[in-house]
Amino acid sequence: MSKIVRPYGDTQDDGKIQLSFTLPVEWSEAADEAARQLAGKMGFNDVQVVDGRPIATGFSFFVVYASTREGVDVEGIAAPSAGGHAMSMEEVDAYVAEHVGRKIRVAGACIGTDAHTVGIDAILNMKGYKGDYGLERYRMFEAFNLGSQVAPEELVRYTKEHGIDALLASQVVTQKGSDIKNFTRLSELLEAEGLRDRVVLICGGPRVTNRLAGELGYDAGFGRGTLPSAVAAFIAVTLAERLRPRVGAR
Amino acid sequence: MSKIVRPYGDTQDDGKIQLSFTLPVEWSEAADEAARQLAGKMGFNDVQVVDGRPIATGFSFFVVYASTREGVDVEGIAAPSAGGHAMSMEEVDAYVAEHVGRKIRVAGACIGTDAHTVGIDAILNMKGYKGDYGLERYRMFEAFNLGSQVAPEELVRYTKEHGIDALLASQVVTQKGSDIKNFTRLSELLEAEGLRDRVVLICGGPRVTNRLAGELGYDAGFGRGTLPSAVAAFIAVTLAERLRPRVGAR
Amino acid sequence: MELNIDRERVARCRELASAIVAPVEAFIAAHSTVSVERAVLRLLGVDGVTPDEVPIPNAIVDSLPDHERRRGVALAFGKALAETGLEPAALGEALGLRRCALEQFTHAPEGAARGALGPHVEAALRRIEAQREERARAMARLPQLPPPLLYVIVASGNIYEDRSAAVAAAEAGAQVIAVIRSTGQSLLDFVPFGPTTEGFGGTYATQANFAIMRAALDEAGERLGRYVMLTNYASGLCMPEIAAMAAIERLDMLLNDSMYGILFRDINMKRTFVDQHFSRMLNAYSGIIINTGEDNYLTTADAVDQAPAVLASQFINEEFAHRAGLPDDQIGLGDAYEINPDLEDSFLYQVAQAQLAREIFPHAALKYMPPTKHMTGDVFKGHLIDAMFNLTSVMTGQSIHLCGMLTEAIHTPFLGDRALALENARYIMSTARHLGDEIVLRPGGTIERRASDVLAASESLLRRVSETGLMAAIQSATFADVSRSPDGGRGFEGVFARADGYFNPFEDALRFAVAS
Amino acid sequence: MELNIDRERVARCRELASAIVAPVEAFIAAHSTVSVERAVLRLLGVDGVTPDEVPIPNAIVDSLPDHERRRGVALAFGKALAETGLEPAALGEALGLRRCALEQFTHAPEGAARGALGPHVEAALRRIEAQREERARAMARLPQLPPPLLYVIVASGNIYEDRSAAVAAAEAGAQVIAVIRSTGQSLLDFVPFGPTTEGFGGTYATQANFAIMRAALDEAGERLGRYVMLTNYASGLCMPEIAAMAAIERLDMLLNDSMYGILFRDINMKRTFVDQHFSRMLNAYSGIIINTGEDNYLTTADAVDQAPAVLASQFINEEFAHRAGLPDDQIGLGDAYEINPDLEDSFLYQVAQAQLAREIFPHAALKYMPPTKHMTGDVFKGHLIDAMFNLTSVMTGQSIHLCGMLTEAIHTPFLGDRALALENARYIMSTARHLGDEIVLRPGGTIERRASDVLAASESLLRRVSETGLMAAIQSATFADVSRSPDGGRGFEGVFARADGYFNPFEDALRFAVAS
Ligand code: B12
Ligand code: B12
Ligand SMILES: Cc1ncc(COP(=O)(O)O)c(C=O)c1O
Ligand SMILES: Cc1ncc(COP(=O)(O)O)c(C=O)c1O
């Protein structure tokens with residue numbers, strides 16, 4: 001089954017979108033025309049340069065409305081959110097008690113040179129986020145918040161030394177792909193140290209998606225607006241599943 | 001010589017653009033991913049779905065930043081503005097007196113079912129626009145404002161009956177291509193009546209460009225922010241050029 | 001927030017408006033129009049079109065000889081009812097199919113005609129009453145959010161697309177949905193029939209379209225726990241008929257201005273004056289809030305200059321409305337945020353104008369229209385101008401708030417544009433919800449001086465009009481710079497003097513209802 | 001617009017701030033830091049890097065044995081000047097290339113050292129003075145627009161890209177350009193050298209970069225007829241040096257907070273207190289407006305809760321600034337528009353906070369920071385939140401206005417983002433230019449009550465701090481919920497007690513200049 005969807009202005013499949021951009025050219029009617037042609041080259045139809053104006057010497061700004069013929073098959077899109085296991089704090093704790101049977105040790109940090117701790121703090125700190133308590137408050141989690149600007153090397157060392165079950169890495173700065181670089185380095189190091197299978201590896205940050213996390217070799221990725229309980233539930237369920245064969249072998 | 005320009009975010013040639021659109025799907029993480037894939041299909045790189053949210057049952061809204069590889073050669077763009085002849089009212093009048101030798105008869109209307117007269121009034125009425133007097137005030141123009149919702153047929157009839165030298169047609173409503181339809185009808189009718197060569201045929205409206213006018217068989221097109229004097233100058237110069245051979249033949 | 005306005009001047013303005021409207025009302029009382037008569041038929045239950053697509057109410061009224069028409073269609077129709085014993089709908093159909101003609105039925109005495117009409121008039125009024133009660137119950141059960149009521153338009157031309165757009169807008173926070181009419185419908189001397197899918201810049205106002213939209217919004221309202229209001233346009237050549245249809249289909253508001261058609265659509269003034277009166281009587285009885293069109297003064301002329309004309313028009317509209325029996329809370333006087341945004345302190349002028357209206361008409365359901373004229377393709381700037389409009393509205397306690405669209409200069413609203421517009425209004429009105437309560441306007445400051453100047457200029461304008469008379473004033477281009485002659489314009493042929501014994505059972509009933 | 005604030009409480013807060021700062025000042029007077037000493041060298045004209053890229057001022061100060069350092073680098077350097085007869089720059093270079101070492105020059109008597117330094121100190125001060133006069137002349141010739149000063153950041157990491165962006169912003173209406181520093185530069189215990197093109201989230205603050213930017217903005221200012229100000233960051237491990245460089249290159253503002261480094265960068269508190277003092281003395285003399293960093297309290301914690309901490313910090317920053325000789329109009333106390341926009345009446349709280357600062361510090365160059373924390377990828381909503389921030393700023397008469405970017409949650413600003421942000425500010429501040437003059441706040445209303453609560457809570461906070469002492473208060477997490485110990489944090493090793501006979505010729509000269 002397939003379901004192709006296109007941008008919607010006021011009629012199904014009209015493909016309407018809004019664009020804005022700056023061109024490094026002095027404004028003139030020809031600049032408007034350049035913007036129109038450029039949008040045409042991008043593959044758009046019915047291009048309307050509804051605003052074009054100088055914003056500085058040698059720079060013009062444009063607002064464009066146009067139609068695209070492109071569509072996307074939404075049935076074919078597999079982007080299962082990592083937040084699928086809806087459980088409250090109490091439920092997670094009960095689940096861990098039953099299926100893991102001990103406290104889960106979680107370490108989190110803002111890695112690389114990134115110092116934006118608010119996001120990872122929101123997940124880990126007692127206080128939590130938007131009324132949802134952080135992992136420190138869970139009875140069945142032991143959470144270690146390593147703070148900001150933690151090198152991937154250090155995080156790996158910590159994981160080894162403290163028998164960490166789940167690792168949470170945060171990246172908020174994305175300039176020049178620094179987030180991808182740091183995330184990749186962390187997962188490669190864990191692999192190299194032979195720890196990858198032992199830990200639930202999770203990344204997060206405003207530009208992170210679960211899909212991206214998968215591509216980077218993570219178990220899950222959490223993006224903007226994540227609530228701690230969704231992360232806790234994911235860790236609990238994933239860890240329980242990994243432990244199951246061992247439990248069964250007893 | 002060619003000069004390729006690309007959208008400019010904060011670095012030459014980074015190709016950064018902003019997009020927004022609605023998709024007729026229920027919001028979820030998968031919808032964000034659909035938006036990302038769609039922007040990819042449109043040919044963009046580094047697609048960041050920076051906002052995705054439900055706006056109604058079955059509809060989601062997205063804000064996307066991305067890069068395009070497309071560029072446009074600004075040296076190759078010929079979009080000579082029709083407003084190239086900068087003259088004041090006095091200069092136009094003097095020019096007409098010298099080069100045409102009589103009053104120019106201009107008729108204007110808002111054609112089709114369009115009733116947006118403010119634009120054509122701005123060009124024709126005494127009062128003018130943004131401090132620039134309208135054609136009625138020019139000593140060497142005789143201007144007839146036929147008002148709104150004038151059928152192309154009627155305008156052609158009027159042109160014939162009143163020996164009009166320049167015809168001004170306005171279209172503000174563009175829904176479902178009605179502007180193009182009406183403009184085309186007018187120029188075809190004039191052609192059919194054998195009047196096309198006799199009149200300076202001009203169109204205008206907020207979505208009109210000089211280039212579009214050319215494609216529709218008009219002598220010129222004027223878009224948003226047009227000042228009456230630019231139109232007056234264009235008419236004067238164009239008419240003078242058409243009359244020149246005849247003047248020379250005397 | 002309060003202006004120190006000259007209450008005596010306000011009282012004088014109201015007296016002037018009354019003096020202006022009184023002679024017009026005398027004229028109204030002595031005349032009727034084809035649309036009034038058609039509305040009578042529609043209220044009785046006549047509907048549908050003839051085989052050649054003429055609405056049956058038009059066919060019937062047009063079939064009356066002049067002397068019959070002058071006595072009102074009800075009499076002739078009532079005789080036919082009495083003689084045939086048919087229900088009005090069936091009789092209408094028979095007449096529409098030319099199976100019979102009204103001229104056949106002239107035997108029944110007037111008393112019999114009235115008697116035959118009686119129960120149908122009763123039934124029609126009960127039906128309207130029932131809708132009014134239904135609205136009251138729904139609004140009690142599904143309360144609206146704090147004022148102002150957020151109002152958006154849908155305008156796709158296709159009633160089914162409009163329906164999706166309307167439901168989406170309601171979900172996004174809209175409390176009132178207006179279905180914009182197809183261009184120029186106001187100039188049609190009939191009301192189109194059935195559901196329609198091809199309009200131009202809007203969707204035809206038809207009774208079927210009203211019903212489709214009402215059902216969708218009722219459903220959405222129940223789901224959202226918030227009654228969603230429906231609006232359409234009356235002003236035009238068919239004001240009374242649209243008022244009748246709206247009453248029947250439970251619309252909640254109607255654009256209904258006493259002079260809009262005259263000034264902006266070149267509709268004959270006598271026609272409009274008579275039509276607006278009967279349509280407003282119906283609105284009053286149906287609990288429909290009227291919206292007047294003062295914003296139209298501002299879209300073509302300078303908004304700073306036109307402020308006194310706007311206020312004068314509000315006084316006149318109020319007076320006409322009162323005389324048609326409309327209570328203040330059903331009078332949605334119009335104004336708009338149309339001052340050039342690049343003018344320094346333009347926000348102060350807007351606040352002055354909006355607050356002035358609020359204080360002069362404290363109980364009116366003030367309708368505030370968004371910036372349109374100065375909107376451009378720069379959607380980012382446009383969104384900001386809309387924000388300042390939203391702020392003015394919540395500060396000055398406007399009642400009905402038309403959300404401005406960032407794409408105003410570009411296209412009729414996209415679904416996403418409407419969502420952004422509603423978010424804009426919701427954010428601004430929440431973050432500054434009680435700003436108006438928090439501040440006092442500096443006595444003698446710019447805002448207060450501006451308000452007082454506008455009021456004074458408005459009084460002069462009203463005085464001039466009262467001296468010449470409203471019709472002559474319109475002829476001499478006192479309003480909106482356009483001149484209209486009393487016997488010119490569209491639809492004049494549809495105005496006629498009532499003969500002795502003229503009979504309009506609804507007019508009588510409504511007048512009675514209003515009085516009691 | 002005026003709040004009815006408790007003036008006596010304000011006076012008490014100032015007394016408390018004075019009591020808090022006095023003991024710290026005693027500490028400052030008895031200590032110096034490596035950065036203070038390096039700044040002395042830089043002022044004398046020492047610059048450049050050693051073959052292994054160490055800035056020469058660092059190399060020289062680091063080469064001093066502890067007992068020499070305690071008497072101040074000037075003495076040792078002065079002796080070398082006296083003995084070699086070289087110019088400071090040349091001597092610096094020679095030392096940097098290890099052609100000689102300070103320990104070689106211990107023979108000259110102190111008097112000779114002072115004598116050798118004298119003309120160079122004079123020249124340095126004259127140079128700074130000349131820049132100050134140049135600024136005054138330029139500002140007279142090229143007047144700025146009405147307040148607030150619109151301030152935008154550039155942050156490409158490449159000084160040449162930053163230059164284009166800065167000039168474009170100036171053309172679009174920016175009156176102040178801040179070059180954001182590369183991440184973590186504040187933690188470097190040296191100042192990088194030369195023009196730089198690779199920064200991370202910002203561009204390195206170097207003297208060469210300052211000069212490149214200054215030249216570009218001077219050129220743009222002449223062309224636009226409007227002096228364009230330049231800003232950079234001092235707070236960090238090199239506050240005094242950056243203040244020296246900024247004085248020389250005619251920056252107009254500097255981020256310079258008495259506690260920012262301690263709380264938000266874990267810089268040792270003693271280091272910061274000593275450094276901020278000398279750097280602010282330099283700022284005072286150079287006519288540079290400092291900008292404090294109270295906004296940082298609000299980016300991580302709840303802005304409603306933190307309001308008293310912000311105000312307390314403003315009082316402390318003001319007191320430190322006064323003690324360094326800064327006049328009120330060079331004190332840019334910080335605040336930010338960070339209250340959750342979804343909170344009903346959040347705008348009223350913001351107005352209360354902003355107006356409170358305005359009235360308590362009537363002559364300060366208040367610096368108002370835009371919404372950042374609550375900005376999201378929804379650029380349309382973000383643009384509106386920025387608009388309400390802009391409105392608050394113009395209503396409450398803020399002095400320095402950092403324009404908020406609609407893409408705050410997405411990327412460091414694009415050139416087009418900056419243009420939109422400036423247009424936003426210009427539109428809102430023009431359309432509501434005199435709104436603040438037009439309104440009176442309702443006595444006892446929400447705004448007034450909120451302002452008075454914040455002031456009262458701030459007094460309690462200051463009282464607590466004055467009781468424990470500032471250093472102990474910081475240790476017990478009184479500010480921003482972070483605890484820092486007096487001897488912990490970065491750069492503590494660079495703090496030392498002055499020995500008897502400690503000599504810093506600039507400190508003396510500046511103190512004298514300020515006193516007169
Ligand atoms: C607050 C803030 C700061 C504070 C940080 C304080 C602190 N202790 O964190 C201060 C002022 C110090 C700061 C400094 C800088 N900042 Co900053 N900052 C912000 C700001 C305003 C808000 C970020 C925030 O706190 N969001 C709130 C949290 C709750 O959201 P979140 O991080 O997305 O986290 C949620 C999810 O993503 C998820 N999540 C996040 N991490 C993780 C991890 C895991 C494992 C999981 C499961 C989930 C998860 O859960 C959280 C809760 O839902 C943003 C702009 C913005 N509005 O986003 C800029 C922003 C992030 N900063 C930026 C920059 C450039 C800087 C500087 C580099 C500027 C400079 N040159 O000095 C510095 C350097 C800091 C550094 N070394 O990293 C840029 C980044 C640009 C980019 N895309 O690369 C931004 C976008 C601003 C901008 N437009 O320029 N910043
Ligand atoms: C004012 C206005 C009205 C007024 C018109 C009053 C009048 N007498 O003109 C009223 C209220 C009556 C009105 C009605 C309608 N309107 Co209207 N209206 C506008 C509005 C707000 C401003 C237009 C305007 O006056 N601009 C100012 C003038 C000076 O600018 P201009 O027209 O671009 O003209 C300049 C240049 O383009 C040029 N120019 C123009 N014509 C010509 C001709 C020549 C020869 C030359 C040389 C130059 C030239 O010179 C002028 C001066 O620089 C716009 C929205 C907007 N902000 O643009 C909507 C808008 C144009 N209207 C719109 C619509 C849909 C309608 C209606 C159909 C709605 C309805 N269903 O009832 C009706 C029907 C009218 C009809 N039959 O055409 C849409 C059009 C959508 C589209 N792109 O197709 C708009 C964009 C609003 C919207 N977003 O929905 N409208
Ligand atoms: C009072 C009033 N009635 C009706 C209309 C619309 O009617 P028309 O169908 O003539 O566009 C308007 C539009 O602005 C109006 O203000
Ligand atoms: C007062 C002050 N100084 C300096 C900075 C920046 O310094 P850093 O280089 O530490 O980011 C800030 C940033 O917010 C600040 O507020």
Side-chain angles (χ1 to χ4, degrees), chain A residues 18-27 31 35 51-64 110 112-122 125-131 147-151 171-179 181-182 205-209 223-226, chain D residues 155-158 164-174 180 182-187 198-202 219-220 223-224 264-266 298-302 340 342 372-373 375-380 383 406-423 481-482:
Chain A
Q18 173 268 331
L19 284 157
S20 75
F21 52 83
T22 300
L23 285 183
V25 294
E26 201 62 38
W27 188 81
D51 191 34
R53 60 203 157 84
I55 51 172
T57 307
F59 289 100
S60 304
F61 185 77
F62 302 92
V63 178
V64 172
C110 196
T113 56
D114 203 326
H116 291 87
T117 51
V118 179
I120 185 76
D121 287 350
N125 286 6
M126 198 71 84
K127 183 172 148 195
Y129 191 61
K130 298 208 168 152
S148 76
Q149 305 197 311
V150 177
Q171 289 283 264
V172 174
V173 175
T174 58
Q175 236 182 10
K176 296 175 186 152
S178 61
D179 51 336
K181 254 176 276 165
N182 291 325
R207 287 293 97 71
V208 170
T209 60
R224 54 191 157 78
T226 303
Chain D
S156 75
N158 178 324
S164 315
V167 170
E171 290 178 344
I180 298 292
S182 180
T183 286
Q185 186 181 340
S186 52
L187 305 183
E198 285 208 344
F200 185 71
E219 194 274 326
R223 189 157 45 81
L224 299 168
F264 302 104
R265 284 288 179 255
D266 197 10
L298 308 177
T299 54
T300 51
D302 181 75
N340 188 339
D342 296 332
T372 64
K373 189 172 52 172
M375 297 291 279
T376 67
D378 180 354
V379 292
F380 298 100
H383 211 41
L406 75 175
T407 52
E408 169 61 32
I410 306 170
H411 47 233
T412 50
F414 285 174
L415 192 131
D417 299 340
R418 244 179 254 110
L420 293 181
L422 286 160
E423 279 163 14
D481 277 335
V482 293

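First the proteins, then the strands, lettered A, B, ... as listed; each starts at 1. What you see is a predicted model; the values in this text were computed from it and never measured.
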Winner by heavy-atom pair count (cut-off under 4.5 Å) against chain D, out of Arg207(A), Arg224(A), Gln149(A), His116(A):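 Sorted descending by pairs with chain D, the first entry is Arg207(A).
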What part of [X] is in contact with chain A, defined as an atom under 4.5 angstrom from a non-hydrogen atom: side chain, backbone, both or neither?
{"X": "Ala155(D)", "result": "backbone"}
{"X": "Leu420(D)", "result": "side chain"}
{"X": "Ala170(D)", "result": "neither"}
{"X": "Ala419(D)", "result": "side chain"}

Is a donor on one side and an acceptor on the other found under 3.5 Å between the side chain of Gln175(A) and the backbone of Phe200(D)?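 No.
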Please report the interatomic distance CD1(Ile55(A)) to CD(Glu423(D)), rounded to the nearest 0.5 Å.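 CD of Glu423(D) is found 8.0 Å from CD1 of Ile55(A).
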Thr22(A) OG1 to Arg418(D) CZ distance, which is reported to the nearest 0.5 Å: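 Going from the OG1 atom of Thr22(A) to the CZ atom of Arg418(D) covers 10.0 Å.
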Could you check Phe61(A) against Leu415(D) for side-chain contact (heavy atoms from CB on, under 4.5 Å), going step by step and ending with a plain yes or no? CA-CA 10 Å; Phe61(A) 185 77; Leu415(D) 192 131; over 6 Å; no
Answer with side chain, backbone, both or neither: which region of Ser178(A) has an atom nearer than 4.5 Å to a non-hydrogen atom of chain D?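 For Ser178(A), side-chain heavy atoms alone lie under 4.5 Å from chain D.
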Do Lys176(A) and Glu198(D) meet the salt-bridge criterion of a basic N to acidic O distance under 4.0 Å?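 Result for this pair is no, no salt bridge flagged.
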Exercise: identify the closest heavy-atom pair between Val118(A) and Thr300(D):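 For Val118(A) and Thr300(D), the tightest heavy-atom pair comes out as CG2-CG2, 3.5 Å.
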